[in-house]
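Okay, structure first, notes after.
Since this is a predicted model, take the numbers as computed values, not measurements. Count residues from 1 along the sequence.
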Amino acid sequence: MNFDRAAILREFIAEAHEDLSSMEQALLVLETNTADREAIDLLFRKVHNLKGNATVLDLHELADFCHALEDRLEVWREGSAPTRGLVTAVLAAVDTMRVFVAESSGTSGQTNKGTNAEAVLARIESEVAANSKHRLLETPLSSSPDTGAPNKVKETRAATVRVPIERLDGLLNLAGEITISRGRLKQQLSVGGNTADLLAAHREADDLLLELQDQLMKLRMVSVGPFFGQFSRMVRDLAVAAGKDIALRIEGEDVEIDMTILENLRAPLTHMLRNAIDHGIEAPDLRSGAGKPRQGQIILRASHDAGNILIEIIDDGAGMNRRRILAQAHRRGLAAADALLDESQILRLVLEPGFSTADDVSKLSGRGVGMDVVNQSVDRLRGSLEIESTEGKGTHLTLRLPLTLAIIEGFAVGVGEEIYVMPLDTVVECMELPLTTDDRLHDVVNLRGKPLPYVRLRHLFDTASRRPERENIVIVQQHGFEAGLVVDSLLGEMQTVIKPLGRLFEKQSAFSASTLLGDGRVALVLDIARLLQDTLAQAEARYAAVETNPTH
C-alpha cells in the first residue's frame, strides 16, 4: 500500500480545525451549564481523536500535549464542576493546539511552542487544584435563563467532494437534454396535446431525471481501497510502539460507498483499530505461550449485504473479558448487580461514555473514549454496530451502514391518515393479520408454526383512528431477528429522497428521517432497528409463552 503522507496531512489539518472548533463550543456551553455531560464527553472525544491522529502522523509534541491535557481534565469525569478559571485555561490550550496544527502545515510563525505549552499546562494544573474543591452542580458558574431549550454542542464537519471535470461535462450535457425535454412537455401542455403525446413527453423527462439522479449518486460513490490503505502505516507504527507484531489484511478494496459516509468513518475506524492493537492483540511471547502465531492479525473488510455496506474489523487477539466488563459496569452503576444480561448486552456496555476495563491509561487507549466515538458516529450515519467476541480467540466488530445517505428504496404503509416509509431491504414479506387477534399494542402471531412478535403502529404512534376491518402485518428483519409491524394499509414500493428530521423529532427513536411525497405531504422514515429494540422487548413474555404453546 502506498502511503501519501501529504494527502493524509491535509485531511488531518482540516479535521483538526473542525475538532478544535467543536471543543471551543463545548467549553463555552460548560461555562453556562456546568452539568452538561454531553459537552464534557464531546470535549474528551475531540481531544482523544486529535491525539490519535497526531500520533499516526508522528506529530509527537501535539500528541503529548493532548495526552497531558486529558490527564488534567479527568477531574471533570470524576464529578468536579468546571470553574470559569479552568474553562479559560482550557480555551488557551485549544489555542496552543491550533499553533501545533499550524506548525504541522508549515504556517505557524512561532518558535517557542514548547515554552507556551508548558505554561498552559501549568496554568491548567493550578486551576485543577482549585477546581477539585467544587463538586458537580454544587457551585455552577452562572445560571442560564430558562429558554426551554438547553445549550447544545454542534459538531463541526466540512463537506467537500472532488469531481473529475469529465463527469461535470457529462452532467452539464444531461442538464441540457432535460431542458429540451422540459420545453417539449411545456409545449405539449400549452397547445393541448393529446394524451399519448403528453405521456411520451413525460416518460422522456422522467427517464432523463432518473439518469441524472443515477449520475449524481455515482459522483458520491468511491472505492474503499485507497481509504483503507491509509490505515496500514498507522497499524504498523502503533504496533511497533506497543512492542507487538501485527499484520493488517485489507479485503473488499473495490467495494464502493458514499463518500460522505466514508469520510465519517475515519474516526471510528481509527479508534477500533487502536483498541485492537492495544487491548486485543497480545504480545508475541504471550501469543506463543497460548499456541498462537507470534504475529497477530487484523482484518479490515468491506462488503455489500442486502442494500447495506458492511465494514468489519476482525482480530485474533485475546477477546473481551466479560467478567471485567460486568465488574466495571457494576462499579459505575451501568448495570444492577442482580441484572441478568445476555452476551450481546454485556458486550455493548463497552459503548458507554468513559467505559474502560484497562488497568492503565496509555497513549493509545484506556480512557473509555474510543468506543463512545464509534457509537456516536454509527448513530449519525443511521447504521448499527454488532460486537462478537470469544475470549482467547479474538473480537469481531461489524458496522452495518447504508450505501448512501441521500436516497433509499422504501416501502410505504398507511396508519390512520399518516403515511410512513420503511427501508425496503428490511422488509421480508407482507400478510393479512388474522381477524381473531386482539387489539393490543404488542402481541404474538403464529407464522407457519413459529411465533412472531409484533407491534401495532396505530397504538404506538397514538393515531386517532378506529381499528380498520382489515389490518396488514409487515414482517421486517434486522440483524437476523424477525418481527411484525401492524399497519392499516400497504401502499407499495417507492424511491425515497432522505430529508433530515427537525428538532420536534430529536428524541423520537422510532424515526430516522423524513421524505416528501408526490402530493407534497411529509412522510416519516421508520428506524427499524431502534423501533424493534425499543418496543418489542415488551413482548418477550408473550413470545416465551407462545414458544411453549405454538397453537396460540
Side-chain angles (χ1 to χ4, degrees), residues 19-52 63-97 117-146 150-155 327-335 349-363 365-373 375-376:
D19 286 346
L20 291 168
S21 295
S22 294
M23 289 168 61
E24 282 182 336
Q25 292 182 36
L27 288 165
L28 293 175
V29 167
L30 287 173
E31 207 165 29
T32 56
N33 184 4
T34 61
D36 195 319
R37 304 304 305 179
E38 289 183 15
I40 292 175
D41 289 338
L42 184 140
L43 180 66
F44 268 82
R45 288 199 301 271
K46 294 303 180 182
V47 178
H48 199 71
N49 190 53
L50 186 58
K51 179 181 72 172
D64 291 343
F65 184 83
C66 291
H67 189 69
L69 181 60
E70 285 182 315
D71 282 338
R72 287 156 177 78
L73 294 184
E74 280 292 339
V75 292
W76 287 350
R77 274 276 175 83
E78 296 166 0
S80 294
T83 60
R84 180 166 285 112
L86 183 51
V87 168
T88 302
V90 179
L91 284 170
V94 172
D95 294 335
T96 300
M97 287 186 280
E118 290 176 4
V120 168
L121 290 175
R123 178 183 175 188
I124 292 175
E125 195 157 349
S126 174
E127 292 290 343
V128 164
N131 188 86
S132 62
K133 302 175 183 178
H134 302 277
R135 298 303 298 173
L136 192 61
L137 292 177
E138 291 180 351
T139 53
L141 297 177
S142 60
S143 299
S144 300
D146 185 10
N151 290 332
K152 290 289 183 182
V153 184
K154 295 182 179 180
E155 298 194 36
Q328 177 74 343
H330 293 157
R331 189 180 71 81
R332 296 191 57 215
L334 297 175
L349 289 170
V350 302
L351 303 179
E352 293 293 329
F355 190 95
S356 177
T357 59
D359 294 324
D360 301 305
V361 175
S362 71
K363 288 189 177 182
S365 57
R367 297 185 188 272
V369 180
M371 292 307 292
D372 178 31
V373 172
N375 202 34
Q376 295 271 342

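- Of all heavy-atom pairs spanning Met97 and Leu20, the tightest one is CB-CD2, 3.8 Å.
- In this structure, the side chains of Asp19 and His48 stay at 4.5 Å or more apart for every pair of heavy atoms.
- Within the 3.5 Å criterion, the main-chain N or O of Arg84 finds a donor-acceptor partner in the side chain of Thr88.
- When all heavy atoms of Lys51 and Ala63 are compared, the closest pair comes out as CG-O, 3.6 Å.
- Taking CG of Asn33 as the reference point, atom CG of Leu28 lies at 12.5 Å (rounded to 0.5 Å).
- Pairing each heavy atom of Ser22 with each of Leu42, the nearest pair is O-CD2, 3.7 Å.
- Only one option out of Asp41, Asn49, Val47 pairs with Arg45 in a side-chain contact (heavy atoms from CB on, under 4.5 Å); it is Asp41.
- The heavy-atom pair separating Ala39 from Val29 by the smallest distance is CB-CG1, 4.2 Å.
- Here the closest non-hydrogen pair linking Ala89 and Val120 is O-CG1, 4.1 Å.
- Residues Arg37 and Ile40 are in side-chain contact: their nearest non-hydrogen atoms beyond the backbone lie under 4.5 Å apart.
- In this structure, the separation between CG on Leu69 and CZ on Phe44 is 8.0 Å, given to the nearest 0.5 Å.
- For Leu121, the side chain to side chain contact (heavy atoms under 4.5 Å, CB included) partners are Phe65, Ala68, Arg72, not counting sequence neighbours.
- Here Glu70 contributes atom CD and Leu50 contributes atom CG; the two are 9.5 Å apart, rounded to the nearest 0.5 Å.
- Remark: Leu86 CG to Glu125 CD distance equals 11.5 Å, nearest 0.5 Å.
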Report task. Take Asp95 and Glu24, measure what side-chain contact (heavy atoms from CB on, under 4.5 Å) needs, and give me the verdict at the end. Result -> CA-CA 10 Å; Asp95 294 335; Glu24 282 182 336; 4.2 Å; yes
